[in-house]
Amino acid sequence: MDIFTAILLLFLLAAVAPFINASFPRISGWILSLPPIGIFLWLLSLVQGVSQGEIHAFAIEWLPALGINLMFRLDGLSLLFALLVTGIGGLIMIYAGYYMRSYQKTNRFFGYLVFFMASMLGLVAANDWISLFMFWELTSLSSFLLIGFKHEKEAARKAALQALLITGLGGLALLAGLILMSLPYQSFAFDAVFSNPDLFTQSPLFIPATVLLLIGAFTKSAIFPFHFWLPGAMQAPSPVSAYLHSATMVKAGIYLIARLHPVMEDQAFWTYSLSLFGAFTMFVGAWFAVSQQDIKKILAYTTVSALGTLVLLIGTSTAYSVTAALVFLLVHAFYKATLFMMAGNIEKKTSTRDIRLLGGLSHFMPIAALISMLALLSMSGIPPMLGFIGKELMYEAKLNAPKAGNFILLMGFLANAFTVFVSARIAFDVFYGKCKWPGQLPKEPALSLSTGPAVLVIISLLFGVFPNSAAVLLEPALKSILPAQTLIHLKLWHGFNEILLLSALTVLLGAVLFAFRTKVIAMVGLLNGKYFNLKLSERFFLGIDLFIRLTKKKTTFIQHGYHRFYLMTILITASVLLFLSIFKLSFPLAEQLELNSWTIILLAAAVLIMVGAIATVVAQSRLVALVSTGISGIGITVIFVLFSGVDCAITMIMVETLTIVIGAMVVYHLPKYLSFSNKFARWRDMSIALLFGVVMGTLAFLSANKKPMEKVSDYYLENSLSKGYGENVVNVILVDFRALDTLGEIIVLGLAAIGIVALLTLNKTKSKN
Amino acid sequence: MNLIIAVLIGLLYATGAYLLLRRSIVKLVLGILFLSYATNLLLFFTGGLSLMSPAFDDGSYPDLSQLSDPLPQALILTAIVIGFGLAAFSMVLIYRFFKETGTVDLDELSDNKK
Amino acid sequence: METEILKIAAKHLKPFLLILSLFVFYRGHNEPGGGFIGGLMAGMALVLYAGAFGVEEAKKLRLAKPLFFIGLGFGLALISSLLGLLVGQGGFMTAVWNQWQFAGFSLKLGSPLLFDLGVYFVVAGMLVKVIFSVMEEDV
């Protein structure tokens, strides 16, 4: 087995998932969880090797002419993410199998979900930028389909569109950035950049490429100011929120940043951008979480905060901070997926997610309450959960941050306190206190619904108690991000020091805030309404509307519906462009005109053509115009004869005759000639036509006797008799050398005949009315 | 001679362009005919003008390069026949167009006018 | 439009034109002529007849089966294209030639001739079909 097979297997599974769900609706979740869990176990078996520095690479040629290959690799970082994707993916499948039963059309849902899993696995295992980008876009696409799954709801459609547009925009920026980055290397492989980062970082494209790459990563990972699509994405069913929008897809940007970090770790622009946007997002996310009442919205904003934290920690670029980032990545994936699944369970049992309506649930669902409590402890960073270790490391990293340490520390402290506050709200206002909802009392969620959260919480607990068992996983990942550093030793108990004090203060502040929660929420809500009312989501849609209106105006301006003006645009553009490209060429001198019999014939033909052309233009009757056209045609026939185009001439004269016969029969039915255009239009058209004619005539003069395909012509001349057994070279070309063209031509003729018959015979009744 | 033909080609293109810009659909079709004349002649012209020496090789010519260039001629022949198909189809289209709409003015077709 | 002279001319010219068109078609490989020109001439023979006697009359002619001839033409063209694939060692649309000799004459036939015959039929059929359709509208 290799990673490529694993990805292919998941894509295949995506194709058959709808059928599996249709055939075994009761156990489809369990069936669909088997392949990801199998892959998870296989990946787990690779951990030992990878931790000793093995890198599993795999490549197949894709578009070798463009230097684009499908390349995959499994190093520490990829493996860590791949384990998260498949492991949590398997648990989510079990959960979704039961959770989605109340929905309609779930077959396709499972198809989308597995499709996402396959894309995400491809993303984290890619070993070249093009593959990474392709899978990146596939995850955006599946995210769109999943957010908009309840497509009969307008809010869901809007949220899906918004997520797609923002991540799609980021995707474009990412592609541009990746291409700019790869330009100096002439290769899209990761190794090209990694083996020689200076070539990129010293190039003038460094800043623009980095900005584009950051936009790509920030849109995907919901970093301010692109964060607003993530709360909107909560329209998706809970398994999707748990899987895509907390544990995996939104981490794709983090993955990209971590992947690129070794290239740019020394660049101040990179680290400062990450620190700045990360810190700000960390704070903003937590701040906006405070005043939310919808459990999923709260979780979404804390996810934004967590993503900001991750970006900040990678940007801080020390052994401490990256270790903290990796631990926190695991911590967050575990508790957030758990909490989203629990939020789904609560909604399922009580049909609401509004904290104000909930309370006292621990009486009815004690197991669910226990699982949620443990997850919330992890979120608040309270021992003995892994979250505590994560938070300790974060504080340590921030204390040791080389730049702007105090500012970052303050932001982190407040963000953590807010997180503690919202954790406490969910814990106490949902699971304890009075029950406030009317109607039926809720029951414990089914086994399938609790399996995933329980497993994740237990892992979180185990890692918290035995933190160094995670080290084997995190050490190689750290090496992928900071090759020169080693992992900080993880331990639950650091002794009494300033970090523990900070932790205690965080919890204390959170608790104090919680004690005055009604006032706090009201105040934050007031502040948000008055000063921080960014309404980014609304503005985004306003912007889209504006864009559509502009586009419509532009389209009605360009697509005005008058064919003449289209033609004018084409003619003038063609004239100008042709003029620009030919006026630099040197003109051959016209040869002396000898007045012999040939010249006289040519002049006669020229007169014929001119008379025909002018008569066509000025003719007052359709029939005269038609016949005049024919006269020009006959003049051209004469030129063909004169200059050795015998077959052309014969064909032309017959075709001319027939065209005029058909034309005469048609014109016979049409009304008398009417003059539609005024004088101005005529002069205008005349000048455009003359311009075009002059340019084309000049072009013709320059291209005379150029014989652009002389070699081909000579081949035909030489081989016509010997290989084609024909003396008439033109005919041999038509029926032998280039017979395929002629076949195409008679097909056109046949189609024209069919078209004419159709025009004349079909729909007769309508025209008679 | 080149100059005469070049002027003729220019004239044919100008006539075609002018007719294309008319509002009458009949003139539009005639304009297309003129454009195809012009293009055929242009194509013919690129092969070089060789007086009265058509590309017939019965094995007795010592120097084949004296013959006219057969390739443009083959292309033109194809173009003429296809042009005929196009012309015949357009003529019938005009007829049907008039039967359906009762007009030969292209502007009447435009949505903007309605 | 029906004049006696045109009628007589059309009636007697028709077979000549048809034979002439076949001749022009055959000699096209060595002299001016070929499938296009021959086909157009053959079509014109029928068009002339229709002009003289009216399209209803012309449609009664045995040869006035344009759609059949268009189909026949395509068939011949395709067969000739496939001959190279079947008989010769060439591929699709590769010429195959054969030579027969009897009593001092030599007759050379090859798939390009067959192809040209296909062109001949398509062009003739198309012409007849189009002009007849338009003429029917005239009534």
Side-chain angles (χ1 to χ4, degrees), chain A residues 561-564 567 571 590 598 606 609 613 616 622 625 629 636 643-648 651-652 655 659 662-663 666 669-670 676-677 685 689-690 692-694 696-697 700-701 703-709 712-713 716-717 720-721 727-730 733-734 745 748-749 752 755-756 759 767, chain B residues 2-4 6-11 13-15 17-18 20-21 23-24 26 30 33 37 41-42 45-46 48-59 64 68-71 73-74 76-78 80-82 84-85 87-89 91-92 94-96 98-100 104-106 110-112:
Chain A
Y562 291 95
H563 91 283
R564 290 196 310 286
L567 284 171
L571 289 174
W598 304 129
I609 293 174
T616 311
R622 293 174 199 286
T629 308
I636 290 165
F643 295 107
S644 326
V646 188
D647 284 286
C648 292
T651 314
M652 180 93 182
V655 161
T659 308
I662 296 176
V666 166
H669 293 274
L670 301 182
F676 294 115
S677 40
D685 297 348
L690 276 178
F692 185 60
V694 167
M696 289 308 289
F701 189 63
S703 56
N705 218 353
K706 280 284 187 284
K707 298 207 182 186
M709 302 154 284
V712 186
S713 304
Y716 290 151
L717 276 171
S720 165
L721 188 62
E727 293 169 20
N728 184 349
V729 185
V730 175
I733 293 176
L734 284 175
E745 179 200 340
V748 171
L749 278 189
I756 288 171
L759 276 176
S767 63
Chain B
N2 282 348
L3 190 61
I4 298 178
V7 170
L8 281 180
I9 291 173
L11 175 81
Y13 270 115
T15 313
Y18 181 78
L20 280 185
L21 295 173
R23 270 164 75 181
S24 156
V26 178
L30 293 182
L33 284 182
Y37 292 164
L41 203 54
L42 177 63
F45 199 39
T46 57
L49 300 173
S50 42
L51 276 169
M52 298 314 254
S53 48
F56 292 102
D57 173 24
D58 58 3
L64 289 172
S68 67
D69 191 347
L71 188 59
Q73 292 190 22
I76 292 167
L77 203 69
T78 311
I80 291 173
V81 179
I82 289 185
F84 172 61
F89 182 80
M91 299 276 186
V92 177
I94 295 179
Y95 170 75
R96 184 70 199 238
F98 174 68
K99 284 264 157 164
E100 294 282 330
V104 284
D105 182 358
L106 282 165
S110 167
D111 285 338
N112 305 9

* To do: Identify the two heavy atoms, one from Cys648(A) and one from Ile80(B), that lie closest to each other, and give their separation to 0.1 Å.
  => O-CD1, 3.8 Å
* Asp69(B) CG to Tyr716(A) OH distance, which is reported to the nearest 0.5 Å -> 11.0 Å
* **Ile4(B) CD1 to Phe701(A) CZ distance, which is reported to the nearest 0.5 Å** => 11.0 Å
* **Closest contact, heavy atoms only, Leu11(B) versus Ala613(A)** => CD2-CB, 4.3 Å
* Asked: Side chains of Met652(A) and Tyr37(B): does their closest heavy-atom pair fall under 4.5 Å?
  -> yes
* chain B contacts, top residue of Ile662(A), Leu690(A), Val655(A), Val748(A) (heavy-atom pairs, under 4.5 Å) -> Val655(A)
* Asked: Which value, rounded to the nearest 0.5 Å, describes the distance between Thr651(A) atom OG1 and Phe84(B) atom CZ?
  -> 12.0 Å
* Trace of the side chain to side chain contact (heavy atoms under 4.5 Å, CB included) decision for Val666(A) with Phe98(B) -> CA-CA 10 Å; Val666(A) 166; Phe98(B) 174 68; over 6 Å; no
* Quick one: which of Ala689(A), Ala752(A), Gly755(A) has the most heavy-atom pairs under 4.5 Å with chain B, could you say? => Ala689(A)
* Asked: When you look at Thr659(A) and Met91(B), which way does the side chain to side chain contact (heavy atoms under 4.5 Å, CB included) test go after all the steps?
  -> CA-CA 9 Å; Thr659(A) 308; Met91(B) 299 276 186; 4.0 Å; yes
* Quick one: list whatever passes side chain to side chain contact (heavy atoms under 4.5 Å, CB included) with Leu567(A), sequence neighbours left out. => His563(A), Leu20(B), Leu21(B), Leu28(B)
* Select one option (side chain, backbone, both, neither) describing which atoms of Leu759(A) are under 4.5 Å from chain B's heavy atoms. => both
* **Which atoms of Leu749(A) approach chain B - backbone, side chain, both or neither, heavy atom under 4.5 Å** => side chain
* Top of Val81(B), Leu33(B), Ile94(B) for chain A proximity - count of heavy-atom pairs under 4.5 angstrom -> Val81(B)
* To do: Please identify each residue that fulfils side chain to side chain contact (heavy atoms under 4.5 Å, CB included) with Val646(A), with sequence neighbours left out.
  => Ile650(A), Pro54(B), Phe56(B), Pro32(C)
* **Backbone of Leu77(B) reached by a side-chain donor or acceptor of Glu745(A) within 3.5 Å** => no
* Asked: Roughly how far, to the nearest 0.5 Å, is the CD atom of Gln73(B) from the CG atom of Asn728(A)?
  -> 9.0 Å
* Structure fact -> CG of Leu71(B) to CD1 of Ile733(A), rounded to nearest 0.5 Å, is 5.5 Å
* Against chain B, label Val730(A) side chain, backbone, both or neither, depending on which of its atoms sit under 4.5 Å from a heavy atom there. => both
